[in-house]
Amino acid sequence: MKNSFEDISALADAVSEHDIDELLGLLSTRQVRITLAYLYDHPNATVDDLATAITGAAAVDDGRIAGESEYERAHVYLHHSVLPRLQDHGLIEFDPVDRTVEEVDVPPAVYDFLGVGE
Amino acid sequence: MSLETLGEALERAEAERKRLEVHASDSDVAIDLQRQFTSRNVAVEYRRAAAFEDGFVVVRDSDGGFRGALGLEAFDALLSPSIHPPWTLEETDVDLRELLDFLEGTPFASADRRQLLAVSREIEERAWRVADGTLYAGFQREAAFADQLEVYERLATRGALSVTAFLDDAWDEPLEGPSVVSASGEIGRFWFVAFEAADTDRQSCALVAEERQPGKYDGVWTYDPAFVGELIEHLETSYEVSEV
């Protein structure tokens, strides 16, 4: 992830329909970035898939095994924070009953900013 | 339900199907792992994760429940483990124990001797730590036991451990410490190490693997105390194990 000043300017220009400060605030959360990175490859996902991705990425970072309790925590955080926030910004559709997530409108500039899709 | 053969023990342990999910940017890693773990009871699945710098693996149980995740780099440590005698393992930074916990009960295919030796070491190390209970180990060849003789003699002097080696060969050399049972048949085909702890079920563990191709083993290791108990019982009823 680069996040230089030029990147932020490019992002701000490209996503003028979003409040750049809010968007940066959103992207400052690691679990949000992992969720978007997963949705880049799998635009239709389940909350289970996303919790798996978050737990797997944490295992990579920590160089250790991430177990069931970390997976459960990722689930709760997705439900109560990550997914509602992404939905509020119109980037995803989140169905809490079916536990499904669909990427609906993530600007390409956001993926560029995250360093994915190159 | 008691066990009649080591083959039956392996079959029963393999019956619990597990899933290994490989999240990586390309499928080559998954193909390699498939080779490592493919037996009819482990499904290796590839999930594309191009947007992630480093891949990871996820172990799921038969109903799809999440068991654990581990980065691919750390996971590789299991595939090329370092081997240490049980009394030095704790001084190294090898976290083999955690890796073994992660894959406990997951049947593996085509493991080589080095890998099985690493798992055996973990079981022996537990026996060393607990220092009370029964440790049974099978050796397919006399030379294999001769290689490990120092380890097993030292284990036999530890606390109240009772140590028996099962050998598909005659053994004439008098030993101080471990008992030796000479047998034939299944002992020659299987690699097994079983430790039943004296006071606590939690430390019991066993490895059972069959040499299905020369130098290549399919098997499983488990911390299931009931399974370990039955394995021990099978060995005691089928062979003449001396009471120590």
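Letters A, B, ... mirror the listed sequences (proteins, then strands); counts begin at 1. In this text, all values refer to a predicted model and were calculated from it rather than measured experimentally.
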Q: Identify the heavy atoms of F56(B) and T52(A) that sit nearest to each other, and give their distance.
A: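 In this case the closest contact between F56(B) and T52(A) is CE1-O, 3.9 Å.
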Q) E233(B): what forms a salt bridge (Lys or Arg N to Asp or Glu O under 4.0 Å) with it, not counting sequence neighbours? A)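 With neighbours one apart ignored, the set is empty.
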(Q) Is F66(B) in contact with chain A via its backbone, its side chain, both, or neither, using a 4.5 Å heavy-atom distance? (A) both
Q.
Heavy-atom cut-off 4.5 Å, strictly under: side chain, backbone, both or neither for A51(A) against chain B?
A. neither
Q) By a 4.5 Å heavy-atom criterion (distance strictly below it), what part of L36(A) contacts chain B: side chain, backbone, both, or neither? A) neither
Q.
Once salt bridge (charged side-chain N to carboxylate O under 4.0 Å, His left out) is applied, what residue pairs with a partner in residues 74-95 of chain A remain, sequence neighbours excluded?
A.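 Qualifying pairs: none.
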Q | Sequence neighbours excluded - salt bridge (charged side-chain N to carboxylate O under 4.0 Å, His left out) pairs with any residue from residues 37-61 of chain A | A | R30(A)-D61(A), D41(A)-R48(B), D48(A)-R99(A), D49(A)-R47(B)
Q) Among residues 67-74 of chain A, which ones touch chain B with a heavy-atom distance under 4.5 Å? A)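 Answer by number: G67(A), E68(A), Y71(A).
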Q) If you count heavy-atom pairs under 4.5 Å with chain B, which of G56(A), A59(A), A37(A) comes out on top? A)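 Winner by heavy-atom pair count: G56(A).
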